[in-house]
*Asks:* 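Before we start, here is the structure in question, set down as structure tokens.
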Amino acid sequence: MAQLSGGAIQAMIQGESPDHPILQVINTRKITSNGSQDRYRLMVSDGTVTYSQVMLALQLNNLMEEDKIDQLCIIKVNKFMCNTIQGNKRIIIILDADVLQRGSEVQQRIGNPQPLRAEGAAPANRAPARPPLNPARQFSPGGNRPAPVNNANVKPAASGPGTPGSSRVHPIASLTPYQNRWRIRARVTQKSNIRTWSNSRGEGRLFNVNFLDESGEIRATAFNEGVDKFYDLLEVNKIYYVSKGTLKTANKQYSNLKNDYEMSLNPETVIEPCNENVDLPSMTFDFVPINEMEKHQANAIIDVIGVVKVCNDISTVVGRQSQKEITKRDLQIVDQSGVAINLTLWGDDAVKFNGDGNPIIAVKGARLSDFGGRSLSALASSQIILNPDTREAHMLRGWYDRDGVNMDFASFRSDGPGAGGGGTNWKTFSDVKTEGLGHGDKADYFTSKATVIFLKKDNCMYRSCPTDNCNKKVIDQGNGLYRCEKCNREFPSHKWRMILSANLADHTDNQWITCFQESAETLLGVKADELGDMRENNEPAFDQVFQQAVFKQYVFKLRAKVEMYNEESRLKTVCVNAAPVDFIDYSKHLLEQIAALGI
DNA sequence: CCCCCCCC
């Protein structure tokens with residue numbers, strides 16, 4: 001049985017750097033805070049004492065989730081840091097560890113360890129003569145090099161200008177809104193362009209950066225004066241000391257970073273370049289090969305690298321929501337997987353992009369959309385790197401110049417009406433609920449095969465303005481004229497417009513949807529004007545249209561978005577298109593689903 | 001304090 005490192009915990013807490021201490025995990029606990037990343041807290045033993053102020057760094061969560069760390073297992077701690085919270089509690093964050101022996105093999109507590117209290121364990125509080133601990137000294141710097149135990153040998157981590165005496169560097173993972181006397185040392189891994197906003201609460205400018213250190217990452221935003229102060233100073237890949245930023249709870253909806261908090265960079269915030277040679281992790285990419293894009297969920301944020309095979313001219317589109325004109329540029333990028341995908345750049349990124357000579361493009365944090373099978377969009381928060389000096393990029397360059405240039409590339413299948421193959425984002429209604437579709441900041445599009453089980457006759461149609469593209473409800477003046485407030489005119493005629501509520505069912509659940517004109521006409525099998533006429537003049541015929549329209553099945557393309565309605569949020573699902581089931585196509589989808597079961 | 005990231 002493994003020998004535990006007796007005395008190691010006390011040493012760790014006191015700011016020493018025991019070499020790869022061997023500890024036993026006595027207990028584990030999952031800490032779940034509302035909708036955010038799970039954290040794991042451990043009670044560990046070194047055979048002499050047990051200590052429960054121990055956290056697993058987020059990047060080790062997999063050890064818990066894959067059940068590698070279990071009760072009574074023996075671990076070797078390769079890297080850790082120790083930090084003071086709430087004034088005098090010492091907390092150990094395990095940054096890297098190996099499991100030496102599983103708890104199921106060990107089966108017992110080793111030794112007779114006694115609990116060690118967290119409070120006052122820090123020598124800084126007991127021995128005021130001693131300088132504050134510098135957690136950065138406590139890294140065991142990885143590999144087999146033992147970290148220096150003698151503090152005198154170690155240069156204080158923070159010897160930046162203008163900050164004498166404040167040598168403590170805090171891990172990003174320890175930042176909270178409840179403690180503002182911190183200072184981090186971190187690398188900028190992403191930086192956005194400067195963006196302006198204007199809404200009911202005001203207007204201004206902002207940009208975002210991501211900071212990364214050994215313990216984790218955090219997103220920071222600078223507003224207005226903060227933009228002037230920090231935009232040029234902060235450069236991607238460089239390392240900075242940051243203090244006096246404001247922390248607040250991160251809105252997870254808008255960030256894929258592993259941190260519950262975000263930082264605001266105010267005019268009071270202090271940022272200094274770190275000129276020392278420190279070993280911090282750099283931007284890491286997790287490139288998804290282009291032929292594997294379909295394995296990822298629509299709207300996932302992913303990293304991609306490819307050769308720009310086609311660079312289209314810039315063009316403009318008008319945003320559906322904003323009604324603003326936006327510049328964009330479509331690229332087609334390819335990689336060794338032999339598949340091509342569309343990548344759209346927006347705004348400045350689009351204007352400035354030069355695709356001459358088939359450059360290599362790497363994008364960190366691109367959004368994967370399901371348009372046209374699969375396509376990519378570079379967000380403001382994405383980092384776009386042209387011809388990066390990396391192994392992947394050089395390999396791609398060599399491959400493309402030698403072979404790729406003459407290859408034919410497969411592309412993702414179109415997602416147009418009637419198409420149902422690999423590109424379609426098929427969902428059952430239970431998927432819609434369990435996957436929380438429509439809960440993002442953006443509507444989710446999906447396709448379902450379903451049966452109409454109920455159609456609401458009441459309020460299913462209204463008289464609308466006869467002007468083309470004006471679908472505003474008109475007011476019956478009672479004199480044969482209909483008034484449109486939007487056009488500010490009276491008309492002797494009107495059109496019928498439909499807003500049909502339908503309840504659909506598939507084999508998993510049911511779903512209320514709203515159908516507008518075209519899809520409502522499809523479901524009912526009559527034109528809106530005919531139906532309006534029936535409603536006015538032939539009610540039995542009107543009723544019969546509804547009776548014969550139920551229990552028919554279609555392939556529905558639906559758009560889902562949570563909306564507030566009477567202070568209540570509900571999922572609003574709108575029918576974009578309803579089409580008769582193409583059974584050949586639908587069967588292909590089913591066969592793919594069966595194949596995916598792997599049975 | 002943003003949180004839009006669009007369009008086909």
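Residue numbering restarts at 1 for every chain, and letters A, B, ... go by the order of the sequence lines.
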*Asks:* Take the protein atom CZ of A/R205 and the nucleotide atom P of B/dC4, then report the distance between them rounded to whole Å.
*Replies:* 20 Å
*Asks:* Can you confirm if the aromatic rings of A/Y586 and A/W426 lie within a centre distance of less than 6.0 Å?
*Replies:* yes
*Asks:* Just the rounded figure in Å: distance from P of B/dC6 to CG of A/L376.
*Replies:* 11 Å
*Asks:* Side chain of A/K328 only, heavy atoms from C-beta on: which candidate in B/dC8, B/dC1, B/dC5 is closest?
*Replies:* B/dC8
*Asks:* Going by salt bridge (Lys or Arg N to Asp or Glu O under 4.0 Å), name the pairs with one or both residues in residues 219-234 of chain A, residues two or more places apart or in two chains.
*Replies:* A/R205-A/D228, A/R219-A/E262
*Asks:* Starting at CG of A/D330 and ending at C1' of B/dC7, how long is that distance when rounded to a whole Å?
*Replies:* 9 Å
*Asks:* Is it the case that the base of B/dC3 and the side chain of A/R219 share a donor-acceptor contact (distance under 3.5 Å, atom types as modelled)?
*Replies:* yes
*Asks:* Write down the distance between NZ (A/K324) and P (B/dC4), rounded to a whole number of angstrom.
*Replies:* 11 Å
*Asks:* Is there a side-chain contact between A/S377 and the phosphate of B/dC6, meaning an N or O under 4.0 Å from OP1 or OP2?
*Replies:* yes
*Asks:* Hey, can you pull the residues of residues 191-202 of chain A with a non-hydrogen atom under 4.0 angstrom from DNA chain B?
*Replies:* A/R195, A/W197, A/N199, A/R201
*Asks:* Nearest whole angstrom, please: distance from the P of B/dC6 to the CG of A/L345.
*Replies:* 12 Å
*Asks:* If I take atom NZ in residue A/K561 and atom P in nucleotide B/dC3, what distance separates them, rounded to the nearest angstrom?
*Replies:* 14 Å
*Asks:* Counting the atoms with a prime plus P, OP1 and OP2 as sugar-phosphate, which does A/E325 contact under 4.0 Å by heavy atoms, base, sugar-phosphate, or nothing?
*Replies:* nothing
*Asks:* If the threshold is 4.0 Å, N to carboxylate O, is there a salt bridge linking A/D506 and A/K449?
*Replies:* no
*Asks:* Tell me whether A/R374 is salt-bridged to A/E294, with the criterion being a basic N under 4.0 Å from an acidic carboxylate O.
*Replies:* no
*Asks:* Is it true that A/E214 and A/R187 make a salt bridge, defined as a side-chain N closer than 4.0 Å to a carboxylate O?
*Replies:* no
*Asks:* Between B/dC6, B/dC2, B/dC8, which one does the side chain of A/I326 approach most closely?
*Replies:* B/dC6
*Asks:* In whole angstrom, what separates A/R329's CZ from B/dC8's P?
*Replies:* 20 Å
*Asks:* Provide, to the nearest angstrom, the distance between the CG atom belonging to A/N342 and the C1' atom belonging to B/dC6.
*Replies:* 14 Å
*Asks:* Do NZ/NE/NH1/NH2 and the carboxylate oxygens of A/K258 and A/E217 come within less than 4.0 Å?
*Replies:* no
*Asks:* How would you label the contact of A/T221 with the nucleic acid (heavy atoms, under 4.0 Å): base, sugar-phosphate, or nothing?
*Replies:* base
*Asks:* Could I get the full list of side chain to side chain donor-acceptor pair (under 3.5 Å) partners for A/D389, not counting sequence neighbours?
*Replies:* A/H394
*Asks:* Do we count A/W346 as stacking onto B/dC5 if the rule is ring centres under 5.5 Å and planes under 30°?
*Replies:* no
*Asks:* Compare the minimum distances between each of B/dC5, B/dC8, B/dC1 and the side chain of A/K248, then state the nucleotide with the smallest one.
*Replies:* B/dC1
*Asks:* Using a cut-off of 4.0 Å on non-hydrogen atoms, how would the nucleic acid contact of A/T344 be classed: base, sugar-phosphate, or nothing?
*Replies:* base
